[in-house]
Amino acid sequence: SGCGPCRFGLYRQSIFEVLTRLGCPQVPVLPFSMESGLLGVRELILGYQVTLMSDLLNNAVYHTRPYERTSGATDAALTRGSELVCRAIEEKGDLIQAFTRALEEVAAVPVERSGSRPRILLVGEVFVRLNPAANYDIIRYLEGIGCEVVMSELSSYLRYVFTIDQWITGEKLREGWQLTELRRLAGVLVNARLIDWSDRRFTEPLARIFGKGVEHADAEALTAEATKYYRRDISSGEGLLPFGEILEAGARGTVDGAVMVGPQGCMPVNVFRGLLGKIAEQLRIPVEVVDFDGFDPTNVWNRIRMLVYKAAQVMEKRGAAAAAEQNNGETGSQAPAPGRAEPARAEPAGSETEGLGLRDLGDADPATRVRAARLLALRGGVAAVDPLIGALQDGDLRVQSAAALALGAIAAEGRTDLEEGLRLRVESALEEALRSGPEERREAAAIGLGRMRGPKGQEYLTALAASDSDPQV
């Protein structure tokens, strides 16, 4: 828990009341603050270092687990690495050595990185973001539908708190010199330098082992980025930090989409939601704001799936742009002269990208077949229709769902020139997938049919909406 007027500052009292009702009023709940008088500089810095190690190790896990060849191998490596670090803490051993060995455990997990996954940044209210029980285990859900998660760090939040504290204390000193505030500022500056030292020590092995695949956020730079849109003196809660993380990640192109999470009524989340329209052009990536209220998550997952679909489109466009740039560099082609438009190049339906998707749709690995269907949803044409109709009967539910969404995208109004007979075949195949089967496939088929906007499909969906027993469908 923390101190202050936001939801995070109220958790301490809420937890204490729950413990009291359970007959355990003697159990202390400590706020993570020097102002409480319970934490000195040494304890605070050790706490920060432990938090930092946990963050960096988890970042390595999120970068590895979606690609592991053997299910559960990354989690097992995390368990072994965590035990090494915990033992070093308990025995007052070499933390850097233990942390390095923990990272090496994760790095040794065999992975298969063929194909690409959308990278989704997860930010928001600190408790909901970090607690799987509070966010319906959203990280595992995103990984399960083909994404790699980039997680906002708890250590960045602690660093952000020091940054805001330093700014507030400095503002008070400008209003009039007071010995109490001067001492406070001195303490904040000392802590900031010790945190800088910790960051350098613990990020070095991370960079050496994982390179640029896993990075550590700079909370001060992120806060500065957010102040362009968000007043710095509104400092309750995380406010500026997730705002800056989304802006910075979108500008750098390190992620393809972002999810901001929080509890019902969270102030920073609501402020960000209100500003979304104003900053839409600056974001460059799709963003979904989600309140977790403890009720049925069906609607949340629907919105997350739509975000992932948009993120996959962003990823595909970036990949195509990078490939074009590389190709221009290799051939020595020059940009058109000012005032002269480059001739338009129509991409045929049977393009190389479509061919790759059609090839991988027959792969033995279900994850590869899912990626292939998603690729065809973006670049597929007439040639992809029959293979995707066949994939509706795939033995893997994820492939069936991806194929249904791809068929709807290919047959969407204005997307491709499908002859009427072929369009009716797609409609019939999706209607058949809707009549029975698992909920996930039926939902995907309904979305696919809706994208087509055909009169026959619309009539079927209208009747289904009034009669189907499944609320999600």
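We're numbering straight along the sequence, starting at 1.
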Note to self: Please report the interatomic distance OH(Y309) to CG(L405), rounded to the nearest 0.5 Å.
What the structure shows: 8.0 Å
Check: So, do S82 and L57 sit near enough that their side-chain heavy atoms are less than 4.5 Å apart?
Finding: yes
Next item on the list: Kindly say whether T254 contributes a backbone atom to a donor-acceptor pair with the side chain of R119 at under 3.5 angstrom?
Entry: yes
Note to self: Is a donor from one side chain sitting under 3.5 angstrom from an acceptor on the other, for D55 and Y157?
What the structure shows: no
Margin query: With no hydrogens and no angle check, just 3.5 Å: does a side-chain donor-acceptor pair link S401 and R398?
Written below: no
Notebook entry, point to check: Where is the tightest heavy-atom contact between Q400 and D394, given as atom of each residue plus distance?
Noted result: NE2-O, 2.6 Å
Next item on the list: State which residue, out of E204, M53, R201, Q49, fulfils the side-chain contact (heavy atoms from CB on, under 4.5 Å) condition with I96.
Entry: R201
Notebook entry, point to check: Which value, rounded to the nearest 0.5 Å, describes the distance between E105 atom CD and T74 atom OG1?
Noted result: 11.5 Å
Note to self: Between V259 and V287, does the side-chain contact (heavy atoms from CB on, under 4.5 Å) criterion hold? Intermediate values first, please.
What the structure shows: CA-CA 6 Å; V259 180; V287 178; over 6 Å; no
Check: Considering only heavy atoms from C-beta outward, does the side chain of I120 approach that of L307 to under 4.5 Å?
Finding: yes
Item checked: Student check: side-chain heavy atoms of I304 and V290 closer than 4.5 Å -> yes
Next item on the list: Over all heavy atoms of both residues, which pair between A134 and F292 is shortest? Give the atoms and the distance, please.
Entry: O-CB, 3.5 Å
Check: Is the Y141-Y136 ring centre distance short of 6.0 angstrom?
Finding: no
Notebook entry, point to check: So do the side chains of L130 and M151 get within less than 4.5 Å of each other, counting heavy atoms only?
Noted result: yes
Check: Are T100 and R208 close enough that some pair of their side-chain heavy atoms sits under 4.5 Å apart?
Finding: yes
Check: Roughly how far apart are L95 CG and S198 OG, rounded to 0.5 Å?
Finding: 10.0 Å
Margin query: Taking D75 first and then R80, would you say they form a salt bridge - that is, a charged N and a carboxylate O separated by under 4.0 Å?
Written below: no
Next item on the list: Mind checking the CD-CZ spacing from E104 to F99? Nearest 0.5 Å is all I need.
Entry: 11.0 Å
Next item on the list: Evaluate side-chain contact (heavy atoms from CB on, under 4.5 Å) for M306 paired with N302, printing each intermediate quantity in order.
Entry: CA-CA 6 Å; M306 185 56 66; N302 286 340; over 6 Å; no
Item checked: L194 side, atom CG; D199 side, atom CG - distance, nearest 0.5 Å -> 11.0 Å
Notebook entry, point to check: Can you find a pair of side-chain heavy atoms, one from V314 and one from P286, that are under 4.5 Å apart?
Noted result: yes
Checklist line | Under 3.5 Å: donor-acceptor pair, side chain of R69, backbone of V111 | finding: yes
Note to self: Ignoring hydrogens and geometry beyond distance, is a side-chain donor-acceptor pair present between Y67 and E148 at under 3.5 Å?
What the structure shows: yes
Margin query: Quick test of your reading of the model: are R101 and D94 salt-bridged, counting only N-O distances below 4.0 Å?
Written below: no
Check: For the atom pair OG1 (T64) and CG (N59), what is the distance rounded to the nearest 0.5 Å?
Finding: 10.5 Å
Margin query: One pair to check against side-chain hydrogen bond (donor to acceptor under 3.5 Å, both in side chains): T368 and R371. What are the steps and the verdict?
Written below: CA-CA 5 Å; T368 301; R371 288 195 295 269; 3.3 Å; yes
Next item on the list: Evaluate salt bridge (Lys or Arg N to Asp or Glu O under 4.0 Å) for E443 paired with R305, printing each intermediate quantity in order.
Entry: CA-CA 11 Å; E443 179 196 356; R305 286 193 192 112; 2.6 Å; yes
Notebook entry, point to check: In terms of side-chain geometry, is the basic nitrogen of R318 or D256 positioned less than 4.0 Å from the acidic oxygen of its partner?
Noted result: yes
Notebook entry, point to check: Okay, side chain of N135, backbone of V128: is any donor-acceptor separation there less than 3.5 Å?
Noted result: yes
Check: Which pair of non-hydrogen atoms, one from P366 and one from V399, has the smallest distance, and what is that distance?
Finding: O-CG2, 3.7 Å
Item checked: Contact summary for V289 and V269, nearest pair of heavy atoms -> CG1-CG1, 3.4 Å
Notebook entry, point to check: Within the side chain of N58, is there an N or O that forms a donor-acceptor pair under 3.5 Å with the backbone of S54?
Noted result: yes
Notebook entry, point to check: What are the two closest heavy atoms between L56 and F202, and how far apart are they?
Noted result: CD1-O, 3.7 Å
Next item on the list: Work out which heavy atom in S155 is nearest to a heavy atom in Y48; give both atom names and the distance.
Entry: O-CE1, 3.6 Å
Margin query: Is there a side-chain contact between I246 and V123 in this structure, where contact means two heavy atoms from C-beta onward sitting under 4.5 Å apart?
Written below: yes
Note to self: With heavy-atom distances below 4.5 Å as the criterion, would you say the side chains of P25 and L19 are in contact?
What the structure shows: no
Check: Would you find a donor on one side and an acceptor on the other, under 3.5 Å apart, between the side chain of S156 and the backbone of S152?
Finding: no
Margin query: Between E125 (side chain only) and R129 (backbone N and O only), is there a donor and an acceptor less than 3.5 Å apart?
Written below: no
Next item on the list: Show the numbers, then the answer: is there a side-chain contact (heavy atoms from CB on, under 4.5 Å) between V300 and D291?
Entry: CA-CA 9 Å; V300 170; D291 295 310; over 6 Å; no
